[in-house]
Asker: 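First the structure, then my questions, so here it is.
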Amino acid sequence: MTDDILRIEDLTSELNALTVGEIEDLEEITEGPLDVSFSEGSKKGKALKALVWVLKRREDESFTLEDARKMRVQLEETKPEEESPDPKG
């Protein structure tokens with residue numbers, strides 16, 4: 001049983017880095033267009049399962065959708081870097 005946590009710091013960056021084949025896989029699993037699957041207000045379960053599967057499969061080709069279902073996902077917002085104080089005052 002997999003109890004790893006997949007941390008996704010920037011969902012938009014992850015989605016933008018997908019290959020065409022990975023997008024096709026995601027759309028097949030979610031049974032809908034990628035932009036709809038991750039849009040505000042849509043159910044995210046299938047979409048996150050598919051995204052976890054695609055991302056983990058990059059490291060391990062034997063990783064399955066069932067393995068993806070068992071993972072925890074932590075979406076982390078990236079915060080803009082704080083500006084350093086102006087040394088000139």
Side-chain angles (χ1 to χ4, degrees):
M1 180 169 164
T2 303
D3 56 25
D4 292 334
I5 296 175
L6 178 63
R7 288 180 177 79
I8 299 175
E9 291 184 16
D10 187 349
L11 183 59
T12 301
S13 292
E14 291 293 349
L15 295 175
N16 287 337
L18 296 172
T19 66
V20 173
E22 290 170 337
I23 293 169
E24 184 179 43
D25 290 342
L26 278 165
E27 290 180 337
E28 186 174 317
I29 294 165
T30 61
E31 300 174 349
L34 182 65
D35 57 337
V36 172
S37 297
F38 286 95
S39 65
E40 189 173 328
S42 67
K43 294 181 180 181
K44 303 290 188 294
K46 279 186 179 181
L48 285 173
K49 175 180 72 174
L51 181 60
V52 167
W53 177 67
V54 164
L55 295 177
K56 294 297 282 184
R57 204 174 53 163
R58 289 175 179 172
E59 305 165 6
D60 177 3
E61 290 186 17
S62 68
F63 192 82
T64 67
L65 284 170
E66 190 58 34
D67 293 332
R69 292 187 78 217
K70 296 173 186 172
M71 290 203 63
R72 300 176 204 279
V73 175
Q74 183 175 7
L75 298 175
E76 300 175 352
E77 288 187 39
T78 53
K79 297 180 181 172
E81 293 182 30
E82 292 183 27
E83 291 184 27
S84 55
D86 186 1
K88 297 180 183 176

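Computed over heavy atoms, backbone and side chain alike; hydrogens, waters and symmetry mates excluded.
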Asker: Can you tell me how far the NZ atom of Lys44 sits from the OG atom of Ser37, to the nearest 0.5 Å?
Answerer: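 Separation between the atoms: 9.0 Å.
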
Asker: Report yes or no: do Ile29 and Val36 belong to one cluster of Ile/Leu/Val/Met/Phe/Trp/Tyr joined by side chain heavy-atom distances under 4.5 Å?
Answerer: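 No.
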
Asker: Could you give the distance from CG (Leu34) to CG (Leu15), rounded to the nearest 0.5 Å?
Answerer: 5.5 Å

Asker: Kindly indicate, with the supporting measurements, whether the criterion side chain to side chain contact (heavy atoms under 4.5 Å, CB included) is fulfilled by Phe38 and Leu48.
Answerer: CA-CA 9 Å; Phe38 286 95; Leu48 285 173; 4.3 Å; yes

Asker: Under the salt bridge (charged side-chain N to carboxylate O under 4.0 Å, His left out) test, which residues partner Lys49, sequence neighbours left out?
Answerer: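 For Lys49 there are no salt bridge (charged side-chain N to carboxylate O under 4.0 Å, His left out) partners, ignoring immediate neighbours.
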
Asker: Can you confirm whether the side chains of Thr64 and Asp67 place a donor and an acceptor under 3.5 Å from each other?
Answerer: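 Distance-only check passes for Thr64 and Asp67.
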
Asker: The criterion is salt bridge (charged side-chain N to carboxylate O under 4.0 Å, His left out); which residues satisfy it with Glu31, sequence neighbours excluded?
Answerer: Lys46

Asker: How far apart are the closest heavy atoms of Trp53 and Phe63, and which atoms are they?
Answerer: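 Closest approach of Trp53 to Phe63, heavy atoms only: NE1-O, 3.1 Å.
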
Asker: Strictly by salt bridge (charged side-chain N to carboxylate O under 4.0 Å, His left out), give each pair with a member in residues 18-29 just once, sequence neighbours left out.
Answerer: Glu22-Arg58, Asp25-Arg57

Asker: For Ala47 versus Leu26, what's the shortest heavy-atom pair and its separation?
Answerer: O-CD2, 4.1 Å

